[in-house]
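Okay, so here's the structure we're looking at.
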Amino acid sequence: MWAVIKVPVYINGGGIRYSSSSKNGCNSFVRGRKYSVKMCSTPGQNAQVSVKSKIEPLPIMVNGCTGKMGRAVLEASISAGLQPVSICFGGPEDEGKTVEAGGKEIIVHGPSDRENILSSVFEEHPNLIVVDYTLPAAVNDNAELYCKVGVPFVMGTTGGDREKLYKTVADSKVYAVISPQMGKQVVAFLAAMEIMAEQFPGAFSGYSLQVMESHQASKLDTSGTAKAVISCFEKLGVSFDLDEVQLIRDPVQQVEMVGVPEEYLLGHAFHMYHLTSPDGTVSFEFQHNVCGRSIYAEGTVDAILFLAKKVKLKEEKRIYDMIDVLREGNMR
């Protein structure tokens, strides 16, 4: 004989009520906004109630999504199941624009009243993660805004005063992933360079260094990746001034001299580092070339998921980079 038991259940306003119908000894309770409940009872068994929480999509705000990099991150995030909120920030020239992604419209707000807008969104979505792909000149002001509101963020924008950036975040104790390079494989190369510099300081003392980097013409500053690699070479004993970096932004030179495919002139990152011994008899060359933006967009999604986990676990450490993301080992 099957026993049908009806028990009222109240779970934090979840809107659950019991049903009088029974099938196979199980009472199915109407699914509320966040929970579903099922009760089963068989002869000689006690009734059991199981409550299963429905996982809500992780809300994100992608600032700078009118740009190509921001747009790529937005699309990769939606593909990964993340949920962009209907608001983002951009420059004065983007104010009032609408960006459509994943069947959703996102309204772009300009610089005015940003603090109140972000505070309101963060209050509505307390597990919000902000992603920044704006402009170098906006890095520090944006970081100060995120820290003042207290919202965790992923800073993919290069440039700005990096020392001030880290101090702002450290003082605020806000969770953040800050990295000049979001491409996971390129980050792995950077990690290898840092290990070499750490373990073999001065190994290239006396060597001369030439650095060339080519990016789309819209990139205004020197590559953050190039700066990081140069820093490693300096630890290895090489003397180099950042002003010596050869920036290639002219499309004709990019095709004819660098070898960038024409279809990627609007989105590429080519880097070359050439080391020569004092007497010119020995040379080393390091090169990494990226066409398109997908490698950075996918890495950014990993950074978002990583940061959300750290926030949820209330980790003591607050500032992370992409090497931390790599070491976690949970990339998709």
Side-chain angles (χ1 to χ4, degrees), residues 58-64 69-70 72-73 76-77 80-82 127-134 136 139-140 142-144 146-147 149-199 223-235 269 271 288 290 293-332:
L58 179 65
I60 62 169
M61 174 189 281
V62 181
N63 293 332
M69 190 62 238
V73 169
S77 298
L82 306 183
N127 56 336
L128 177 73
I129 302 290
V130 170
V131 180
D132 192 295
Y133 275 103
T134 54
V139 165
N140 294 107
N142 288 352
E144 287 175 5
Y146 308 147
C147 291
V149 175
V151 60
F153 66 95
V154 174
M155 179 60 75
T157 311
T158 60
D161 185 330
R162 304 309 274 193
E163 186 176 340
K164 182 180 177 182
L165 170 62
Y166 281 99
K167 187 179 187 309
T168 298
V169 181
D171 290 346
S172 71
K173 300 190 184 304
V174 162
Y175 287 94
V177 172
I178 302 172
S179 179
Q181 171 59 252
M182 289 292 178
K184 294 174 285 189
Q185 293 75 18
V186 179
V187 171
F189 166 71
L190 284 174
M193 287 295 301
E194 288 185 4
I195 292 170
M196 181 168 67
E198 226 175 74
Q199 296 189 4
S223 162
T225 303
K227 291 178 181 178
V229 174
I230 290 167
S231 175
C232 291
F233 281 128
E234 287 176 332
K235 292 174 186 176
H271 297 75
H288 51 93
V290 175
R293 295 177 174 86
S294 61
I295 184 176
Y296 311 119
E298 292 298 329
T300 302
V301 172
D302 283 327
I304 294 168
L305 297 173
F306 168 89
L307 190 60
K309 179 181 176 182
K310 297 303 177 185
V311 173
K312 185 176 181 180
L313 293 174
K314 298 180 179 179
E315 294 282 3
E316 184 177 348
K317 183 177 178 179
R318 300 301 174 100
I319 304 177
Y320 301 91
D321 57 23
M322 280 302 288
I323 292 179
D324 293 311
V325 178
L326 282 171
R327 285 174 177 154
E328 189 81 357
N330 292 326
M331 294 173 296
R332 298 162 302 117

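Quantities reported herein were computed from a predicted structural model and do not represent experimental measurements. Both backbone and side-chain heavy atoms feed into the values below; hydrogens, waters and symmetry mates do not.
- Taken to the nearest 0.5 Å, the CD1 atom of I129 stands 9.0 Å off from the CG atom of L305.
- A heavy-atom distance below 4.5 Å is found between the side chains of V73 and Y133.
- Side-chain contact check for L326 versus D302: every heavy-atom pair is 4.5 Å or farther apart.
- Separation of atoms CG (L313) and OH (Y175) is listed at 8.5 Å; rounding is to 0.5 Å.
- The two residues A197 and K235 come nearest to each other via the heavy atoms CB-CB, 3.9 Å.
- Note that NZ of K227 and OG1 of T225 are 10.5 Å apart. Values are rounded to the nearest 0.5 Å.
- For A308 against L58, the heavy-atom pair with the smallest separation is CB-CD2, 3.7 Å.
- A donor atom on one side chain and an acceptor atom on the other are not found under 3.5 Å apart for N63 and T134.
- Between S223 atom OG and Q181 atom CD the span is 7.5 Å, to the nearest 0.5 Å.
- The nearest pair of heavy atoms linking G156 to M182 is CA-CE, 3.9 Å.
- Checked by atom type, the side-chain pair E144/T168 shows no donor-acceptor distance below 3.5 Å.
- By the 30° and 60° cut-offs, the orientation of the rings of H288 relative to H271 is parallel.
- The two residues K173 and R318 come nearest to each other via the heavy atoms O-NH1, 2.5 Å.
- Using a 4.0 Å cut-off between charged nitrogen and carboxylate oxygen, D324 and K310 do not count as a salt-bridge pair.
- Partner of F153 under the side chain to side chain contact (heavy atoms under 4.5 Å, CB included) criterion, chosen from V177, D132, V169, V131: V169.
- V174 is not listed as a side-chain neighbour of V151, based on a closest heavy-atom distance of 4.5 Å or more.
- Counting heavy atoms of neighbouring residues, nucleotides and ligands inside a 6.0 Å radius, atom CD of E198 does not exceed 12 of them.
- For the atom pair CD1 of I323 and NZ of K184, the computed distance is 15.0 Å after rounding to the nearest 0.5 Å.
- When all heavy atoms of T157 and P136 are compared, the pair lying nearest together is CG2-N, 3.9 Å.
- Contact detail for A143 and L165: the closest heavy-atom pair is CB-CD1, 3.3 Å.
- Taken to the nearest 0.5 Å, the CD1 atom of I178 stands 10.0 Å off from the CG atom of L307.
- Put simply, the side chain of N140 gets close to the backbone of D161: a donor and an acceptor are under 3.5 Å apart.
- Other residues, nucleotides and ligands contribute more than 12 heavy atoms inside 6.0 Å of the NZ atom of K317.
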